[in-house]
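Each ligand, and each atom within it, is numbered from 1 in the order the structure gives. Quick note: residue numbers are just sequence positions, from 1.
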Amino acid sequence: MTNGELLITPPEVGHCDACEQVLRELPEWFGLEDSLMEYVEAAKSTPTLLAMEGENVLGFLMIKRHFPESAEVACIGLLPSHHRRGIGRLMQGAAEKWLRADGCRYLQVKTLAEAANSESYALTRKFYEAMGFSRLEVHPDLWQKWNPCLVFVKALTPESGARQE
Ligand SMILES: CC(C)(COP(=O)(O)OP(=O)(O)OC[C@H]1O[C@@H](n2cnc3c(N)ncnc32)[C@H](O)[C@@H]1OP(=O)(O)O)[C@@H](O)C(=O)NCCC(=O)NCCS
């Protein structure tokens, strides 16, 4: 899918370097080295789509398929200089289109819950809400006590597609 100079690539495994490059530019979200490297490692075997401008990787979205009918946005990131230009929406829309075409009906994403009082993750939650996700449950102990996990969920009906323009 193209939008001017911007290309959203189909999801493929093995984009470790691209993911690491973007994650390292997002220390307010991915400041813990171990967890950053877990995402990089996961990219080896997790389908990941990229937002590219020419040769440059601007962002990525990693898709974990749990069951034929359900999937998870395992990680999403975009270089800060490109935030709020609609690229996150484009990546989300492309991921949902791909999943719907493959029969997937439910999508979840895990993020930091309100109780952690993070200004950065408050913006992340606004993004997911704008993408049509609803809050499903908080898991206080899934990660660490100071890192409460909020699960967002979304049904992938034909009408629920994230706008891609
Ligand atoms: C989450 C992220 C990929 C969103 O990408 P983006 O291109 O900036 O988002 P978009 O421009 O497509 O925004 C789509 C909508 O989400 C909402 N939104 C996104 N960023 C927002 C912000 N900073 N404040 C308020 N609303 C926001 C808006 O409703 C926006 O629509 P609008 O611009 O028409 O009002 C990007 O902000 C990012 O990389 N964040 C840091 C990493 C991160 O949070 N990863 C997830 C960890 S769980």
Is it the case that over 12 heavy atoms from other parts of the model lie below 6.0 angstrom from the CZ atom of Arg135? no

Is Met131 close to ligand 1, meaning an N/O of one under 3.5 Å from an N/O of the other? no

If the cut-off is 4.0 Å to any non-hydrogen atom of Gly88, which atoms of ligand 1 fall inside it? 5 (O), 6 (P), 7 (O), 12 (O)

Side chain or backbone of Phe127 under 4.0 Å from ligand 1, or both, or neither, by non-hydrogen atoms? both

For Phe133, which residues count as a ring pair (Phe, Tyr, Trp, His ring centres under 6.0 Å) partner, sequence neighbours excluded? Tyr128

Lys126 versus ligand 1: do any nitrogen or oxygen atoms come within less than 3.5 Å of each other? no

So CD of Gln92 and CD of Glu96: to nearest 0.5 Å the spacing works out to 4.5 Å

What atoms in ligand 1 come closer than 4.0 Å to a heavy atom of Thr111? 48 (S)

Nearest non-hydrogen contact to atom 6 (P) of ligand 1 from the set Glu25, Glu129, Arg84 belongs to Arg84

Considering distance alone, does some N or O of Ile76 sit under 3.5 Å from an N or O of ligand 1? yes

What pairs of donor and acceptor atoms, side-chain ones from residues 137-145 against any protein atom, are under 3.5 angstrom apart with sequence neighbours left out?
unit_1 : atom_1 : unit_2 : atom_2 : d
Asp141 : OD1    : Lys145 : NZ     : 2.8
Gln144 : OE1    : Asn147 : ND2    : 2.7

For atom CD of Glu33, decide whether the heavy atoms of other residues, nucleotides or ligands shown that lie under 6.0 angstrom number more than 12. yes

Do Phe60 and Leu23 pass the side chain to side chain contact (heavy atoms under 4.5 Å, CB included) test, and can you show the C-alpha distance, the side-chain angles, and the key distance before you say yes or no? CA-CA 9 Å; Phe60 72 91; Leu23 289 167; 3.7 Å; yes

Is the contact between Gln92 and ligand 1 made by the side chain, the backbone, both, or neither, using heavy atoms and a 4.0 Å cut-off? neither

More than 12 foreign heavy atoms under 6.0 Å from CG of Asn56: is that the case here? yes

Salt-bridge present (Arg85, Glu5; N to O < 4.0 Å): no

For ligand 1, which atoms, with element, lie under 4.0 Å from some heavy atom of Tyr121? 47 (C), 48 (S)

Which ligand 1 atoms does Ile87 reach within 4.0 Å, using its non-hydrogen atoms? 7 (O), 12 (O)

Ligand 1 atoms nearer than 4.0 angstrom to some heavy atom of Lys110 are 48 (S)

If we number the atoms of ligand 1 from 1 as shown, the ones under 4.0 Å from a heavy atom of Tyr128 are 46 (C), 48 (S)

The atoms of ligand 1 lying under 4.0 Å from a heavy atom of Arg89, numbered in the order shown, are 12 (O), 14 (C), 15 (C), 31 (O), 34 (O)

Closest heavy-atom contact between Lys64 and Ala74? CB-CB, 4.1 Å

Full working for side chain to side chain contact (heavy atoms under 4.5 Å, CB included) between Val22 and Leu78: CA-CA 6 Å; Val22 174; Leu78 180 69; 5.5 Å; no

Under 4.0 Å between heavy atoms, the region of Met91 that gets near ligand 1 turns out to be neither

Here the atoms of ligand 1 under 4.0 Å from any heavy atom belonging to Gly77 are 39 (O)

Would you check whether Gly86 has a nitrogen or oxygen atom less than 3.5 angstrom from a nitrogen or oxygen atom of ligand 1? yes

